[in-house]
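Take a look at the structure set out below.
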There are 2 protein chains.
Amino acid sequence: MADGPGGGGQRGETLLFLTDEQLRKAIEAMFFAYKGFTADPDRILEARGYGRAHHRAVHFIHRSPGTTVNNLLAILGVTKQSLNRVLRSLIEDGLVESRIGTRDKRERHLFLTDAGEALERELGTAQRARMRDAFRHAGPEAVAGFRTVLEAMMDPEMRRRYQGLVESGQ
Amino acid sequence: MADGPGGGGQRGETLLFLTDEQLRKAIEAMFFAYKGFTADPDRILEARGYGRAHHRAVHFIHRSPGTTVNNLLAILGVTKQSLNRVLRSLIEDGLVESRIGTRDKRERHLFLTDAGEALERELGTAQRARMRDAFRHAGPEAVAGFRTVLEAMMDPEMRRRYQGLVESGQ
DNA sequence: ACTTTTATGTCAGCCTTGTTGACATTGCTA
DNA sequence: TAGCAATGTCAACAAGGCTGACATAAAAGT
């Protein structure tokens, strides 16, 4: 009972006394933080006539070069029609290249062109800068806690996918 | 140098060695977690023919009953036309009540009706349950870190607004 | 060999939710 | 009384979700 705010014991099966009020604050924090999280890329994208959907596509193609359309669909969790609209404009603008698969010729493998990499760098640099500043202000223990909570908040399937991405790089 | 991943010293002016790789993981965690964060409310809203914008309006009216339209505009960060569309449907459906201000009769003070409170409860319960589960799995230190990082990630103006909300309840 | 399934692309149309610009009303304030 | 503030509303547009339907090519199964 002398555990400080939130009470508790060990990680994993902790007994936390969380009031609705505390949870509501966390919910609002998530809302406001996500606004900040997307603010910088949004500004850059707007100048180019792109939106958040383009950013997501560029990001995941950059981090997994050669990924297939189906892979991307699963990660982004949108319909192929929605993704295709975005992908088409990126290909037309010369930011993404789509190569027919060698093993399976039905698949399209997606790559960023030099121009695509340049945009990714611009977006990623801005977003990482914000994240880095937040991390520096919060300190290392906070960063660890942040990642832990975020992972616990994901849908199980997304968490699996996220952790798969983290470990294997594909 | 035996500080574990991320290195570092004390909070506030910590020296963190953050690789782009680590930051990219955090960025993806934020993306996937936000999906989970909104997933449950989205399902409930869809059944009622509402969207996320309705949820946000209902949430902030619930937490600050009697708030004005201008207040809500500032918190949500959208145009009045966009908010008005959502607000109008909520009022028409009898979830929100708009009362003319007594001191300043130009202002409209917004309240949830019983039906509005019922919807808020349904949405809030689902979202808090997810947050609570995530917090329990992560443990108290993680929760503190989570909140700290989120706050640091907000735009300064939004952080001011958020902290104002937290402390005064208005 | 034939059939089915898979991967992808595309067209059309709809919805929510954001935007800008213009304009009207009411009421506070200088 | 003039001007500014708070709100509502109309119109038009864009991004990015969605569904449904259909087409093609290639792999896989029988």
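Letters A, B, ... mirror the listed sequences (proteins, then strands); counts begin at 1. A quick note: this is a predicted structure, and the numbers were derived from the prediction, not measured.
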Are the aromatic rings of F146(A) and F135(A) close, with centres under 6.0 Å apart?
-> yes
Between N71(B) (CG) and dA5(D) (P), how many Å, whole number?
-> 16 Å
Any Lys/Arg nitrogen of D20(A) or R121(B) sitting under 4.0 Å from an Asp/Glu carboxylate oxygen of the other?
-> no
Is a salt bridge present between R48(B) and E122(B), judged by a nitrogen-to-oxygen distance below 4.0 Å?
-> yes
Please state whether the phosphate of dG9(C), meaning OP1 or OP2, lies under 4.0 angstrom from any side-chain nitrogen or oxygen of R88(A).
-> no
The helix from dA1(C)-dT30(D) to dA30(C)-dT1(D): angle between its terminal axes, five pairs each, to 10°?
-> 20°
Let me check something: any side-chain donor-acceptor pairs from residues 108-117 of chain A under 3.5 Å, sequence neighbours excluded? List them with distances.
{"unit_1": "H109(A)", "atom_1": "ND1", "unit_2": "G66(A)", "atom_2": "O", "d": "2.7"}
{"unit_1": "T113(A)", "atom_1": "OG1", "unit_2": "G94(A)", "atom_2": "O", "d": "2.6"}
{"unit_1": "T113(A)", "atom_1": "OG1", "unit_2": "L95(A)", "atom_2": "O", "d": "3.3"}
{"unit_1": "T113(A)", "atom_1": "OG1", "unit_2": "A115(A)", "atom_2": "N", "d": "3.4"}
{"unit_1": "T113(A)", "atom_1": "OG1", "unit_2": "G116(A)", "atom_2": "N", "d": "3.1"}
{"unit_1": "E117(A)", "atom_1": "OE1", "unit_2": "H62(A)", "atom_2": "ND1", "d": "2.9"}

Which parts of residues 96-108 of chain B get close to DNA chain C, meaning a heavy atom less than 4.0 angstrom away?
-> R103(B), D104(B), K105(B), R106(B)
Has N84(B) got a side-chain N or O lying under 4.0 Å from the OP1 or OP2 atom of dT7(D)?
-> no
Residues E151(A) and H137(B): side-chain donor-acceptor under 3.5 angstrom | no
Take the angle between the ring planes of F37(A) and Y34(A) and call it parallel below 30°, perpendicular above 60°, tilted in between.
-> tilted
Protein-to-nucleotide contact annotation, 5' to 3' order, nucleotides 12-20 of chain D [B base; S sugar-phosphate only; - none; under 4.0 Å, heavy atom] | ----BBBBB
Under 4.0 Å between a Lys/Arg side-chain N and an Asp/Glu carboxylate O for D133(B) and R130(B)?
-> no
Under 4.0 Å between a side-chain N/O of N70(B) and OP1 or OP2 of dA5(D), yes or no?
-> no
Selection residues 80-97 of chain A - residue pairs positive for salt bridge (charged side-chain N to carboxylate O under 4.0 Å, His left out), sequence neighbours left out = E97(A)-R99(A)
Find the distance E46(B):CD to dC15(C):P and express it as a whole number of Å.
-> 14 Å
Are any of the side-chain nitrogens in E157(B) or K35(A) under 4.0 Å away from the carboxylate oxygens of its partner?
-> no
Residues passing the side chain to side chain contact (heavy atoms under 4.5 Å, CB included) test with D42(A), sequence neighbours excluded, are T38(A), L45(A), R52(A)
Mind checking whether Y162(B) and F32(A) have parallel, tilted or perpendicular rings, split at 30° and 60°?
-> perpendicular
Separation of dA5(D) P from L73(B) CG (nearest whole Å) = 15 Å
